[in-house]
Amino acid sequence: MIASLKAEWYKLTHRAYPFIFLLFSMGCAVLIVLVTKVVLPMMERFNMGYDAGQVLDMGFYASSNIVWYLLIITEDIAFTSEYKFRTMKNLITRGENRTKLYLSRLCMACMVLVIGVVVVTLTYMVSVRIFYGADPSLTLDEYLSLAKQVLCGLFLWIGSQSLIHMMAFLIQNEMLWGCGYLAIFSFLPNGIWILKSVFGDNVVLDLFSDSLLTTQMTNLVSDGVQDARTILTCFLMGAAYVIVTTVVGIFFFRKKEVR
């Protein structure tokens, strides 16, 4: 397993794609902060200004909506179009262990996700500090609050990464697994919300809604990290998704005919 991880890490670090994606994401983080700084004087004319602490908070709000979709890219970076270029079939024909193959790619996808989130978050924090350095609202508590939200969000995103990883391994068409993932995270929560608005309080719908990663993310954005229980809840939800999707993914991938 360690040899497989080393091989995957070597391939990952010798491609331009991951670094370009990371630099692009860092640039977007800086651009968001810069835009808020440019727009601030115009907002203040209408008594609608904001302080640096609010800009810092806005970073997690933005990422809570964007990262779900960027997971398609982190999966693509780790998966490297295995079916498209028939490299998956070559590896299996050579006798590569399917479970090891699945897990090594999953570890790489999660590693890309973690590194990306940490680096971009630090870039955003530093940018806010540079552009709003004198603002008294930039306290240590504000930075710690953002860090705790990002940590909780990371647990949920890893759970989502494991779901999309399972789909990528079981569905050979990249367009299909990408669109299927988008449908789950874009339309399913809205569909549940419509059903709840029509049928009112319903135990089944409430349980289903509470089991969605997006529901927990919404709570995280609106309420923040209240205590250690919030962190534990996010960790357990992310871990549950990882365990279930990994077990299901490996089970069906071992039986799957790879063409």
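This one's a predicted model, so the numbers in the text were calculated from it and none came from an experiment.
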Below 4.5 Å, heavy atoms only, C-beta onward: do [X] and [Y] meet side chain to side chain?
X: V33; Y: Y132; answer: yes
X: V39; Y: Y50; answer: yes
X: F131; Y: T36; answer: no
X: L236; Y: Y241; answer: no
X: M58; Y: I32; answer: yes
X: L176; Y: M167; answer: no
X: L70; Y: F21; answer: yes

Candidate pair L220 and M217, rule side chain to side chain contact (heavy atoms under 4.5 Å, CB included), full reasoning: CA-CA 5 Å; L220 191 59; M217 182 63 78; 4.2 Å; yes
Cluster link F251 to L170, ILVMFWY, side chain under 4.5 Å: yes
Distance-only, no hydrogens or angles: does the [X] side chain make a donor-acceptor pair with backbone N or O of [Y] under 3.5 Å?
X: Y69; Y: L182; value: no
X: T230; Y: V225; value: no
X: Q216; Y: L156; value: no
X: R105; Y: F169; value: no
X: H165; Y: Y102; value: yes
X: S104; Y: L101; value: yes
X: S63; Y: F60; value: yes
X: D51; Y: S137; value: no
X: T74; Y: A109; value: no
X: R98; Y: I250; value: no

Donor on one side chain, acceptor on other, S162 and T245, under 3.5 Å: yes
Flag for D141-T139: side-chain donor and acceptor within less than 3.5 Å: no
Over 12 foreign heavy atoms within 6.0 Å of CZ, F235: no
F185/Y181 aromatic ring centres below 6.0 Å: yes
Stepwise side chain to side chain donor-acceptor pair (under 3.5 Å) check, D76 with Y17: CA-CA 10 Å; D76 185 54; Y17 183 16; 3.2 Å; yes
Option from V120, V128, T121 for which side-chain contact (heavy atoms from CB on, under 4.5 Å) with Y124 holds: V128
